[in-house]
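Okay, so here's the structure we're looking at.
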There are 2 protein chains.
Amino acid sequence: MDVSATEISAPTQAQPHNTNDCETVRAILARTGDKWSVLIVKMMGSGPQRFSALRRGITGISQRMLTLTLRNLERDGLVLRTVTPSTPPRVDYELTRLGHSLWIIMESFGQWAIAHRSEIETARARFDARNH
Amino acid sequence: MDVSATEISAPTQAQPHNTNDCETVRAILARTGDKWSVLIVKMMGSGPQRFSALRRGITGISQRMLTLTLRNLERDGLVLRTVTPSTPPRVDYELTRLGHSLWIIMESFGQWAIAHRSEIETARARFDARNH
DNA sequence: CGGCATCCAACTCGATACTG
DNA sequence: CAGTATCGAGTTGGATGCCG
């Protein structure tokens, strides 16, 4: 009998993972997981939206954070910004093709989250109860 | 002619969205998007891992953050913690069924991120160049 | 070995005020 | 209308030291 084995099931070796890939994944999850991106992207899922429409549609967002988040999404090529230099100025935002493909992934993530929400909440309640 | 129409394509109305659902999605994205969760979950994808194995396997993580992140994942029912009270103590972590199902979703997110990484990097470079 | 407590630097985000 | 600038509270995460 192999004495190097322990009484509990031996952990398997972790798969070698590409740290660079993980970093890429994390960066995207961090972007989409920040405070407002989900709401903004979701609102644009149905087509172009004016700045003011997004502002009204997303309860509680400050002008600053809406601008900032849209800039970041634009920088990553997920959102297209179109300025109409009228008076007053008009700016529309819409998902790019890339942004739309991300939106689809986010939807599947969303399905998972909704499907397992109660399971997570139960786990939390149990954990919190156990740790007085 | 309808004077309410503008010269650029009229934005469509945003779909009504369930804010509560969005909050759920955001919470999960925020958990998985924090600095270390992706790496940790990914390492556990291949089976149970000891605390020290995770620590060694994840370059740059502090003990504090490993403990903290594992606690949060455990609290959400994504990770199972098993203590063997030997000397020295031994603690193993593994994905629960729920955690594994999230891991699958994260993989599809990962596929997207890897497939579009260069596209995002190009967009960033262009954006940064444009804004001097 | 695994983990908690403390301290501190860096960043995030909201409030507010001002501009073309 | 859409955006920028500034300030301050709150949060995140790293370093360090101690404990069973």
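Below, chains carry the letters A, B, ... as their sequence lines are ordered, and counting in each starts from 1.
Mapped onto DNA chain C by nearest heavy atom, B:Ala53 and A:Arg64 fall at different nucleotides, with B:Ala53 at the one closer to the 5' end.
Between the side chains of B:Ser37 and B:Asp34, at least one donor N or O lies within less than 3.5 Å of an accepting N or O. No side-chain N or O of A:Thr69 forms a donor-acceptor pair with one of A:Asn72 less than 3.5 Å apart.
A straight line from CZ of B:Phe51 to P of C:dC4 spans 9 Å, rounded to a whole angstrom. Straight-line distance from the CG atom of A:Leu70 to the C1' atom of D:dA2: 11 Å, rounded to whole Å. Protein atom CD1 of B:Ile58 is 12 Å distant from nucleotide atom P of D:dG14, rounded to whole Å.
Taking every side-chain heavy atom of A:Met65 into account, C:dG14 is the closest of C:dG14, C:dG3, D:dG14. Of the candidates C:dG3, C:dC1, D:dC1, D:dC1 carries the atom nearest the A:Ser52 side chain, counting heavy atoms from C-beta on. In this structure, of D:dA2, C:dC13, C:dG2, it is C:dC13 that holds the atom nearest to the side chain of A:Lys35. Distances were taken from every side-chain heavy atom of A:Arg71 (C-beta onward) to each of D:dG13, C:dG3, D:dG3; the shortest belongs to D:dG3. In this structure, the nucleotide among C:dG14, D:dG3, C:dC13 sitting nearest to the side chain of A:Asp34 is C:dC13. Nearest nucleotide to the B:Val91 side chain, out of C:dG14, C:dG3, D:dG14: C:dG3. Comparing D:dA5, D:dG20, D:dG14 by their nearest atom to the side chain of B:Pro89 picks out D:dG20. In the set C:dC13, D:dG17, C:dC1, C:dC1 carries the atom at the smallest distance from any side-chain atom of B:Pro88.
A side chain to side chain contact (heavy atoms under 4.5 Å, CB included) with A:Leu73 is found for exactly one of A:Leu78, A:Leu80, A:Leu68, namely A:Leu78.
Considering only side-chain N and O atoms, A:Arg55 lies nowhere under 4.0 angstrom from the phosphate OP1 or OP2 of D:dA2. The side chain of B:Arg81 contributes an N or O atom lying less than 4.0 Å from OP1 or OP2 of C:dG3. Side-chain N/O atoms of A:Tyr93 include none lying less than 4.0 angstrom from OP1 or OP2 on D:dC1.
Below 30°, between 30° and 60°, or above 60°: for A:Phe109 and A:Trp112 the angle between ring planes is above 60°, a perpendicular geometry.
Between B:Glu121 and B:Arg124, none of the side-chain N atoms (NZ, or NE/NH1/NH2) sits under 4.0 Å from a carboxylate O, so this pair counts as no salt bridge.
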